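Structure, as C-alpha cells:
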Amino acid sequence: MSTRILWADDEIDLLKPHIIFLEKKGYELLPDVSGNEEIDILDKEVVDIIFLDENMPGLSGIETLKHIKTVNPHIPVVMITKSEEEHIMEDAIGSDIADYLIKPVNPSQILLCLKKNINKGEIVTEKNTQAYQQAFRDISFKISESRTLAEWELIYKELVRWELELDKIEDASVGEMLADQKQEANSCFAKFVTSNYEAWLNGRGSEKPLFSHTILKEKLFPDLAEGKSAFLFVIDNLRYDQWKTILPMLNPYYRVDDESLFYSILPTATHYARNAMFAGLMPSEIAKKYPQYWLNENDEGGKNEFEKPLLEEYMKRYGKGGKISYSKILNMDFGKKVLDNLRGMLNNSLNVVVVNFVDMLSHARTDDDIIRELASDEKSYRHVTATWFANSVMLEMVKFLAEKKVPIYITTDHGTIKIDKPIRIIGDKNTNSNLRYKVGRNLDCSSKDVFEVKNPEKIFLPKENLTSSFVFTTGNSFLAYPTNYTYYVNYYKNTFQHGGISMEEMMIPFVKLLPK
C-alpha cells in the first residue's frame, strides 16, 4: 500500500516536478491550494503525512496546523515556508510538527523527509538486521576465543549494544538470533568464571576483576575529600542494559566521567553482594570480624539491616573520616522525605541512597500478573525500568544535586537473568529458597549446568555446619525440587531471578558522574 501525501500550497502548480518525482517513487499525492481545502480533504480522505505551506492566502499555515492537530493529532505535519523568522519556527515547532523545511525545496529534500517520518521504521529494521547478521560471526568467534576479563567485558558490552539497537525494530527472528547468541555467550562465560573464581578471590593468577568488596575502595574512596559532599546511589538489581536505558535521562544534568564494569560476588544476591560492598569484606570475613552484623541464611531477621555500620567501619579502616548518611528508599513517600532532606545532606562527606525499585519490579513480576504482562520480555523489562526512572524521586534528586554541582555515583549490587531451564535438586528442609543458588546440607544435583562448592570457605562464604555446600546455577537455568515440580516450574519459568552465574548477574556497572 503506497504512502498518501496531502500537500497544501497556493503555488502547487509550480511543484508539479516534485509531485511527478514522488509519484515515480511510489507515493500517492493529494495536492491542494489552501488551508480550507486541505481541511475539507482531511474530512474525506485518509493520509499518512501532510506537507503544509506556511504562507497561504485565507487560512494561514499555522492556523491550518492548529486545526489539523486538534482533529488529527497523530498525522505528521511538515511545515514548508519561505520565511526564516524565528517566531514562525517557534510557532510551528510548538504545534508539534514533524519537520520544518525552508523554500526552495528540492525533490531530494522531500524524499529524505518522507523516509525519516514515514519509512524510518522499515529502514532502521532493515539496516540493523543486516548489520547484526554481519556482526554475528565475529561475535561468535570472540565468544569461543575469549580468555581474559577485558575480552569478556567487550563481548558483554557489544551484546548489550545490539540488544538496545534491536529494541528499535520489530523483526522477532533477529531478536531470537541475538538471544541464542547471548545464551551461547553465557555458557562460555560460566566456564570462564567457574575456572577462575576461586583463584581470583585468593589472589592467584595474573588478573582479577574488581569485586563487590573492592569496588568502593578502588572507585569511590579516592575521590572523597574533606569539605566536599558526594552521593552514592545503589539501585538494587540494576543490570548494565538497564543502566544504558536510564543514561539518556541523566545526560542533561551530568556527564559520565568514568563507567566501569565490576563483578558481583557469588551468590549474586543482596544478602551477600551488598553486604560485601558496604563492608569491604567477603561474607565469611564479615561473619568473623563483625559477627553482630552478619546473619546466615536460616537466621531470623533482615539480612541487610547493618549496611550503615559496616560502611562506617569500612571507611574508618581506610582513614576516611567525615559524616555519612544512609537512606533506603522502599516507597515513594519515603523517597520524597529523602528528597526534602537533600539540602541538609550536603554537609555530609558521603550520602548513600539505596533505591529498591528494580528489585521490587523483579519480585512483583513473579507474583503479579499485570507486572508479568508489562515486563514480559527483556525489551519490556528495560522499558519499564526506564519509565520508572523518568518519573522517579531519584531523578528529582539528580536534578537538585546537579544544580548544587555535587558529583554522584551510580551502581548496584547484582543483576538478574530471565530463567527458563529447570534443574532438579534435592536438599533438606533447611535449604534456602532462592532459585539460582542453594546452600545447605546433603544437596544432590547431577546437572552439568551448576557450579558446586563443597567447601564454601574457599570462596569466602560462611560455612554454617561441617557438611554445608553451595550450588550455583549458570546460564538461564533455575533449581526446582521434585515435589510439585510441574507447578513450580510453570510458576517461575520466564521470570527474572538472581543468585547464579551469568553476565547479566555478575558484570554490573559502577559509574561516576560529574555535573554539567
Side-chain angles (χ1 to χ4, degrees), residues 210-221 223-224 229-238 262-331 334-335 337-338 341-342 345 348-360 362-363 393-394 397 408-416 432 434 460-462 498-499 505 508-511:
L210 286 172
F211 272 117
S212 303
H213 64 298
T214 60
I215 188 66
L216 297 188
K217 179 183 69 174
E218 297 295 332
K219 292 291 184 178
L220 175 65
F221 288 178
D223 291 346
L224 298 181
S229 184
F231 276 72
L232 172 66
F233 291 93
V234 182
I235 306 177
D236 194 359
N237 262 20
L238 187 75
F262 72 102
Y263 278 51
S264 170
I265 65 165
L266 297 176
T268 48
T270 305
H271 176 198
Y272 297 89
R274 205 162 75 203
N275 275 320
M277 176 186 291
F278 287 127
L281 299 167
M282 288 294 288
S284 65
E285 295 172 321
I286 301 172
K288 290 175 183 176
K289 190 175 183 67
Y290 303 109
Q292 71 275 29
Y293 298 147
W294 180 263
L295 295 176
N296 286 316
E297 291 277 357
N298 294 311
D299 292 336
E300 296 291 332
K303 304 297 191 294
N304 289 83
E305 297 296 316
F306 306 106
E307 290 169 353
K308 183 180 180 182
L310 285 171
L311 179 60
E312 289 172 335
E313 291 293 328
Y314 189 10
M315 293 181 69
K316 285 178 187 177
R317 294 200 308 273
Y318 282 88
K320 297 295 178 182
K323 187 178 179 182
I324 71 170
S325 73
Y326 175 92
S327 307
K328 186 181 293 186
I329 298 176
L330 298 173
N331 55 60
F334 186 74
K337 289 181 182 178
V338 177
N341 291 333
L342 281 187
M345 294 163 70
N348 301 329
S349 297
L350 176 63
N351 301 279
V352 176
V353 181
V354 176
V355 184
N356 261 42
F357 173 81
V358 182
D359 180 58
M360 290 188 287
S362 175
H363 292 299
V393 173
M394 180 178 165
M397 294 180 189
I408 66 173
Y409 302 78
I410 295 177
T411 191
T412 186
D413 44 8
H414 54 77
T416 60
N432 66 309
N434 190 285
F460 295 91
L461 295 177
H498 58 84
E505 291 164 290
I508 50 179
F510 188 95
V511 188

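Worth saying up front: this structure is predicted, and the values here are computed from it rather than measured.
To the nearest 0.5 angstrom, Leu238 atom CG is 9.5 Å from Asp413 atom CG. Considering NZ of Lys289 and CZ of Arg317, their distance stands at 6.0 Å, rounded to 0.5 Å. One finds the CE atom of Met277 at 13.0 Å from the CG atom of Leu310 (value rounded to the nearest 0.5 Å). Taking OG from Ser349 and NZ from Lys320, the interatomic distance works out to 10.0 Å, rounded to the nearest 0.5 Å. The distance from atom CE of Met397 to atom CZ of Phe231, rounded to the nearest 0.5 Å, is 8.5 Å. Distance OG/Ser229 to CG/Leu224: 9.5 Å, rounded to 0.5 Å.
Side chain of His213 to main chain of Pro283: no donor-acceptor pair is present (N/O by atom type, distance under 3.5 Å, no hydrogens or angles). Side-chain atoms of Thr416 never come within 3.5 Å of backbone atoms of Asn237 as a donor-acceptor pair (strictly under, hydrogens ignored). Without hydrogens or angle criteria, Glu505 side chain to Gly499 main chain gives a donor-acceptor distance under 3.5 Å. A donor-acceptor pair is defined here as one N or O able to donate and one able to accept, closer than 3.5 Å; no such pair exists between the side chain of Asn275 and the backbone of Glu305. Within the 3.5 Å criterion, the main-chain N or O of Val355 finds no donor-acceptor partner in the side chain of Asp236. Checking side-chain atoms of Ser212 against main-chain N and O of Ile265 turns up a donor-acceptor pair under 3.5 Å.
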Notebook entry, point to check: side-chain contact (heavy atoms from CB on, under 4.5 Å) between Phe278 and Val354: does it pass, once the steps are laid out?
Noted result: CA-CA 11 Å; Phe278 287 127; Val354 176; 4.2 Å; yes

Next item on the list: Please test Asn351 against Tyr326 for side chain to side chain donor-acceptor pair (under 3.5 Å), starting from the C-alpha separation and ending with a verdict.
Entry: CA-CA 6 Å; Asn351 301 279; Tyr326 175 92; over 6 Å; no

Check: Ile329 and Val353: side-chain contact (heavy atoms from CB on, under 4.5 Å), yes or no, with the steps?
Finding: CA-CA 7 Å; Ile329 298 176; Val353 181; 3.6 Å; yes

Check: Run the side-chain contact (heavy atoms from CB on, under 4.5 Å) check on Tyr263 and Ile215 step by step: do they pass?
Finding: CA-CA 9 Å; Tyr263 278 51; Ile215 188 66; over 6 Å; no

Margin query: Run Ile408 and Phe233 through side-chain contact (heavy atoms from CB on, under 4.5 Å) and show every step you take.
Written below: CA-CA 7 Å; Ile408 66 173; Phe233 291 93; 4.1 Å; yes

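Shown here for His414 and Thr268, the closest heavy-atom pair between the two residues is CG-O, 3.5 Å. Considering all non-hydrogen atoms of both residues, Met315 and Leu350 come closest at SD-CD2, 4.0 Å. Closest of all the heavy-atom pairs between Arg274 and Asn356 is NH1-OD1, 4.0 Å. When all heavy atoms of Lys219 and Tyr409 are compared, the pair lying nearest together is O-CE2, 3.9 Å. Taking both residues in full, the closest heavy atoms of Phe306 and Tyr293 are given as CD1-O, 3.4 Å, listed atom of the first, atom of the second, then distance.
Under the ring-ring contact (aromatic ring centres under 6.0 Å, His included) criterion, Tyr314 pairs with Phe221, Tyr318, sequence neighbours left out. Taking Asn296 as the reference, Trp294, Asp299, Pro462, Glu464 meet the side chain to side chain contact (heavy atoms under 4.5 Å, CB included) condition, with sequence neighbours excluded.
Under the side chain to side chain contact (heavy atoms under 4.5 Å, CB included) test applied with Thr411, the options Leu220, Ile235, Leu232, Ile508 reduce to a single match, Leu232.
Contact of the Leu216 side chain with the Phe510 side chain is registered, since non-hydrogen atoms from C-beta on lie closer than 4.5 Å. Side chains of Leu461 and Pro267 form a contact here, defined as non-hydrogen atoms less than 4.5 Å apart. For the pair Pro309/Tyr290, no side-chain contact is recorded, criterion being any heavy-atom separation below 4.5 Å from C-beta on. The shortest distance between side-chain heavy atoms of Ile324 and Glu312 falls below 4.5 Å.
Using modelled atom types, one finds no donor on one side chain facing an acceptor on the other under 3.5 Å when comparing His271 with Asn304.
For the salt bridge (Lys or Arg N to Asp or Glu O under 4.0 Å) condition, no pair includes a residue of residues 278-288, sequence neighbours left out.
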